[in-house]
Amino acid sequence: MIYCPNCGTANRDGSKFCNECGARLAAPSTGIACPECGTFNPVTRLFCQKCGARLVTVAPEPEPEEPEGVPVTGFSLPSRLLETPPEAEAEGPAAGEEGALIPEWLTGLEPEAAGEEPVQEVPAAPLEEEHLPDWLRELRSGLGAVPEGESVEEAPPEVPAAPPGEGPGWLRELRSGVGAVPEEEAVEEAPPEVPAAPSEEEGVPDWLRKLRASLPPLEEEGEEVPPPAWLTEEGAAYPQVPVFAEPAVGAEGPLPEEAPSPLEAEAPGAAEALPLEIPPWLEGLEEEAAEEVPPPPPPGEQVSPPWLVGPTPEEIRAPGEAAEAVPPPVEAPLEPGRAEAEEEEMLPEWLRVPPPPPAEAVPAARVPEEGEAVPGEIPPWLAPFSPLARGPAAEGEEGTGLLQGISGLVPAVPEVLEVREEKAKGPAPSPVGASEANLFRQVLAEPPPEEPPARPKAKRFPLWGRWLVSLLLLAAVGIPTVWNGVTGRPLLNLRPAVPPAVQALYAAVEQVQPGEAVLVGWDVDPASAGELLPLAEAILGHLMQRGARLFVVSQLPAGPPLAQETLDGLARTQGVYTYGAHYLNLGYLPGDELGLRALSGAGGLAALDRDYVQGKALAQWEAAAGVRGVDDFRLIVVLASDAQQVRRWIEQVGAQHGVPLVAGVSAGALPALQPYHETEPRQLAGLAGGTPGAAAYESLRGVYLAGQSSMEALAGGVLALAFIVIVGNVALLFGLGRQGE
Amino acid sequence: MVDLLHADVLGGWVAFVLTLMVFSYLLGDNPLFRLAEHLFVGVAVGYAVVVVWRTVLVPRLWTPLATDPVANWPFLVPLLLGLLLLARVRARWSWWANLPMGFLFGVGAALSIGGALLGTLYPQVRASLISLNPASYGGQWGGVVDAAILAVGTLGTLLYFYFTAAREGRGVAGGIRRAWVAVGRWTLLVAFGALFAGATISRLSLLIARVQFLWNQIWSLIP
């Protein structure tokens with residue numbers, strides 16, 4: 001799983017974007033790019049996790065000419081910063097000859113000046129075992145599997161004793177010990193078994209500890225120089241650069257798997273490198289080597305350095321003799337500033353994504369600048385493994401792709417590739433398909449047609465027109481309102497029509513006897529109060545006039561206070577009609593259908609056990625006497641602005657009980673609820689809608705309230721709207737509104 | 001202590017100013033309209049929260065659990081479901097809120113379906129099975145015409161939404177079917193027109209109420 005760094009959501013492996021927030025997910029730092037789709041896959045996968053293509057189409061196959069049994073599946077070219085002294089470059093052929101025996105990075109260790117400061121050690125970044133490539137682990141294990149008992153007579157001359165004052169501390173100590181004690185004697189006095197090393201020297205190879213234990217303490221130095229950090233730290237703190245040490249055949253005890261180079265240069269900066277200094281003790285070595293220069297090898301014969309060739313049979317002593325001190329394995333120096341390199345850089349060169357081909361060939365004789373990374377020299381014995389060799393491809397060697405230059409690989413399975421190609425190509429196109437494809441190509445080849453001129457945008461309704469409509473509507477509504485407010489009588493004395501549904505509603509209320517309980521569903525909030533309050537006042541006033549006990553419940557949070565205000569106002573007009581004795585506010589009933597079903601269920605009013613005003617239990621109120629459930633009510637009145645709210649009452653309460661249900665709704669909800677009044681038996685015993693319904697109900701009651709007083713304003717508004725619609729259609733008919741088209 | 005009368009007067013004038021701020025939208029979108037709009041939404045939500053806390057959470061959940069939690073332990077179930085809704089605040093926990101939401105939606109859907117079947121679908125289908133016999137209407141042909149219009153309009157509406165059958169046809173049957181589908185389409189248009197007219201009347205009523213309120217406020221200043 002890949003966890004999003006932004007929101008933490010777990011995403012599938014291989015996801016590029018977070019499924020939750022869409023953030024880009026972190027791509028794996030290392031992987032093998034699929035040759036088919038380009039997806040990066042973990043280095044442990046053989047097949048692409050996206051398309052299933054085979055990532056590594058080959059398998060290791062042992063070559064018969066492999067001298068060692070160590071399987072080498074790849075080789076990572078060591079890279080280092082090389083600062084070649086001008087003097088060394090000027091040597092020309094001599095250096096070339098020596099480079100045939102010794103890697104160039106060792107030949108570059110020419111002594112410059114004996115009095116120069118020694119090169120400081122750079123503790124390289126720790127290298128964990130799991131970060132090592134497989135080929136390196138196998139190679140290391142192969143090196144460690146050298147049979148014991150074999151010994152070498154002499155140490156290779158590549159590790160001579162160094163003069164005091166040069167090189168790291170451990171080397172000076174070693175050098176002083178070697179200089180004080182004859183080699184043969186020192187080796188013979190060495191204990192047969194190496195004692196356990198102290199904890200702080202766990203990283204020191206056994207052969208070095210043994211040698212150090214046999215040496216006298218350092219007396220020549222004024223102060224003891226501590227060993228380098230790479231020598232005292234744990235083994236995991238070794239440098240990351242792979243080490244190819246000479247197989248120390250015959251050395252007693254376990255062979256050192258790897259050891260840091262004593263000639264590592266300390267990087268003062270991320271991209272700055274110090275020159276590799278050659279201690280004076282190597283100068284003597286050079287002189288000795290110059291004296292004992294072997295004859296040049298015959299042409300065609302591969303030459304390896306003596307330390308790599310190993311001891312000859314004559315040099316091998318008889319078993320039981322003390323082994324010579326094994327020289328410290330030489331390690332390729334690290335690139336300064338690359339200690340914090342990414343994990344991807346640990347991959348071998350052939351596993352990385354190939355860089356784009358250079359535009360121009362780099363001249364071979366170019367002198368690397370200071371601080372520039374240059375590839376390390378490959379010993380001749382490793383030349384066959386070099387993936388950079390650009391000779392004619394041998395049999396079984398990959399010629400293209402990521403594995404270019406790698407030999408000894410099993411060829412790719414041709415069947416799989418053929419099948420994939422077949423799928424990719426598909427069947428041969430039919431003649432019709434070919435003609436359509438040609439037509440498609442022609443269409444694509446044609447220049448795009450010129451776009452028609454942009455259609456002029458339709459003019460918006462002008463602002464003055466909006467004001468004109470608003471003023472007209474305001475005048476149509478405001479003039480009757482002001483007239484009614486000033487004079488107290490209607491302007492035109494319109495008599496509203498009384499629909500049968502309103503008559504039925506009035507009749508249902510008329511059937512309520514004094515003292516009977518009536519449940520009022522108050523689904524009116526301030527947003528709809530302007531339309532529904534006149535209707536509510538007309539109906540509830542009528543009920544109060546009939547002496548009914550009113551129980552008000554609301555499914556809107558803002559409903560109870562508005563209901564309380566309305567009921568209190570109506571009660572004041574009715575004389576003796578008090579809260580608690582004649583009406584109760586049961587408050588807010590949440591849950592829509594669930595709340596109504598709870599109210600109409602067996603629990604009844606237990607769902608609303610306390611009143612809204614004082615929070616007292618219903619049993620403490622006089623008005624609630626004898627009322628436990630819906631069946632105890634004589635009538636249910638629903639006041640709502642939405643048809644869905646009335647439908648809930650019909651479905652969840654009215655259909656479950658035989659209590660008649662009437663509704664006073666807004667004018668917009670009236671057409672949707674009219675069918676419930678048309679059924680037989682009537683699901684809505686009575687229905688009134690909006691201001692016209694309120695006016696009709698008031699007319700039936702014989703009172704002149706807000707409903708009738710608003711009818712003239714409503715009529716004026718309707719006439720104004722009709723006028724606007726007619727004028728607008730006429731204008732459209734004569735093209736006034738088509739100016740923009 | 002503010003006198004209630006004074007509070008009503010103050011509230012009335014605040015409402016007066018806010019009403020004018022809303023009407024200022026006739027001049028175009030402006031900060032006054034936006035302020036009134038945001039005030040309305042914020043006050044409505046805040047008031048709803050207070051009402052729910054005062055009338056639901058405290059008396060119907062907190063008080064029973066605080067007084068006798070052993071006897072009222074079933075109240076812990078809605079409390080737990082309610083707390084799970086708070087998991088919506090974090091994306092990694094939000095799936096916990098699916099439990100109470102699923103419970104609410106499941107029970108609500110079950111009640112809605114059951115209520116719709118018994119309260120709407122069955123009564124309305126039954127009410128549409130009307131007789132065209134004049135005797136059923138006391139010999140008045142008006143009732144017969146009314147019932148015929150209702151039947152034709154209902155069937156035409158059903159035919160209009162019957163997409164699986166070909167609306168085009170040949171011969172007399174095809175012509176009748178096309179005509180009936182047209183009748184159903186016009187029935188729908190009439191129904192939509194009635195709904196639109198009702199909505200217009202409703203909004204006009206709201207406008208009238210606001211104009212009356214403004215006039216009453218102004219009229220109250222006149223001695």
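By convention in this document, chain letters (A, B, ...) are assigned in the order of the sequence lines, proteins followed by strands, and residues within each chain are numbered from 1.
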Exercise for review: Please flag which part of Arg60(B) lies under 4.5 Å from any non-hydrogen atom of chain A: side chain, backbone, both or neither.
Suggested key: side chain
Exercise for review: Counting only heavy atoms closer than 4.5 Å, note whether Arg647(A) contacts chain B via side chain, backbone, both or neither.
Suggested key: side chain
Practice item. Could you look at Leu714(A) and say if it's the side chain, the backbone, both or neither that has a heavy atom under 4.5 Å from chain B? Key: both
Practice item. Indicate yes or no: at least one non-hydrogen side-chain atom of Leu204(B) is less than 4.5 angstrom from one of Leu473(A). Key: yes
Review point. Which heavy atom in Arg610(A) sits nearest to a heavy atom in Pro59(B), and how many Å separate them?
Key: CD-CB, 4.5 Å
Check your understanding: Where does Ser641(A) contact chain B at under 4.5 Å (heavy atoms): side chain, backbone, both or neither?
Key -> neither
Check your understanding: Between Leu27(B) and chain A, which part of the residue has a heavy atom less than 4.5 Å away: side chain, backbone, both or neither?
Key -> both
Practice item. Please determine, among Ala127(B), Ala116(B), Ala199(B), Ala209(B), the option with the most heavy-atom pairs under 4.5 Å with chain A. Key: Ala116(B)
Review point. So which heavy atom on Ala91(B) is nearest to which on Glu20(A), and how close?
Key: CB-OE2, 4.1 Å
**Study point:** Ile208(B) side chain near Thr691(A) side chain, heavy-atom distance below 4.5 Å
**Key:** no
Study note, to complete from the structure: Tightest non-hydrogen contact, residues Pro671(A) and Leu195(B), listed as CB-CD2, 3.7 Å
Review point. Tell me, side chain or backbone of Thr200(B) under 4.5 Å from chain A's heavy atoms, or both, or neither?
Key: side chain
Review point. Residues two or more places apart in sequence or in another chain: which of them pass salt bridge (Lys or Arg N to Asp or Glu O under 4.0 Å) with Glu37(B)?
Key: Arg34(B)
Review point. Are the side chains of Val486(A) and Trp215(B) in touch, meaning some heavy atoms are under 4.5 Å apart?
Key: yes
Exercise for review: Against chain B, label Pro480(A) side chain, backbone, both or neither, depending on which of its atoms sit under 4.5 Å from a heavy atom there.
Suggested key: neither
Point to revise | Shortest non-hydrogen contact from Val51(B) toward Tyr588(A) | key: CG1-CB, 4.2 Å
**Study point:** Cation-aromatic face contact Arg54(B)/Tyr612(A), 6.0 Å, 45 degrees
**Key:** yes
Study note, to complete from the structure: Turns out that what part of Leu721(A) lies under 4.5 Å from chain B's heavy atoms comes down to side chain
Review point. Can a donor-acceptor pair be found between the side chains of Gln124(B) and Thr679(A) at a distance below 3.5 Å?
Key: no
Revision key, fill the gap. Given Leu26(B), Val56(B), Ile218(B), the one with more heavy-atom pairs under 4.5 angstrom with chain A than any other is Leu26(B)
**Study point:** Side chain / backbone / both / neither for Thr120(B) at chain A, heavy atoms under 4.5 Å
**Key:** both
Point to revise | Under 4.5 Å from any heavy atom of chain B - which part of Leu474(A) | key: side chain
Check your understanding: Which pair of non-hydrogen atoms, one from Tyr47(B) and one from Pro557(A), has the smallest distance, and what is that distance?
Key -> CE2-O, 3.9 Å
**Study point:** Contact summary for Ile201(B) and Ala667(A), nearest pair of heavy atoms
**Key:** CG2-CB, 3.7 Å
Point to revise | Contacting moiety of Glu531(A), where chain B heavy atoms sit under 4.5 Å | key: both
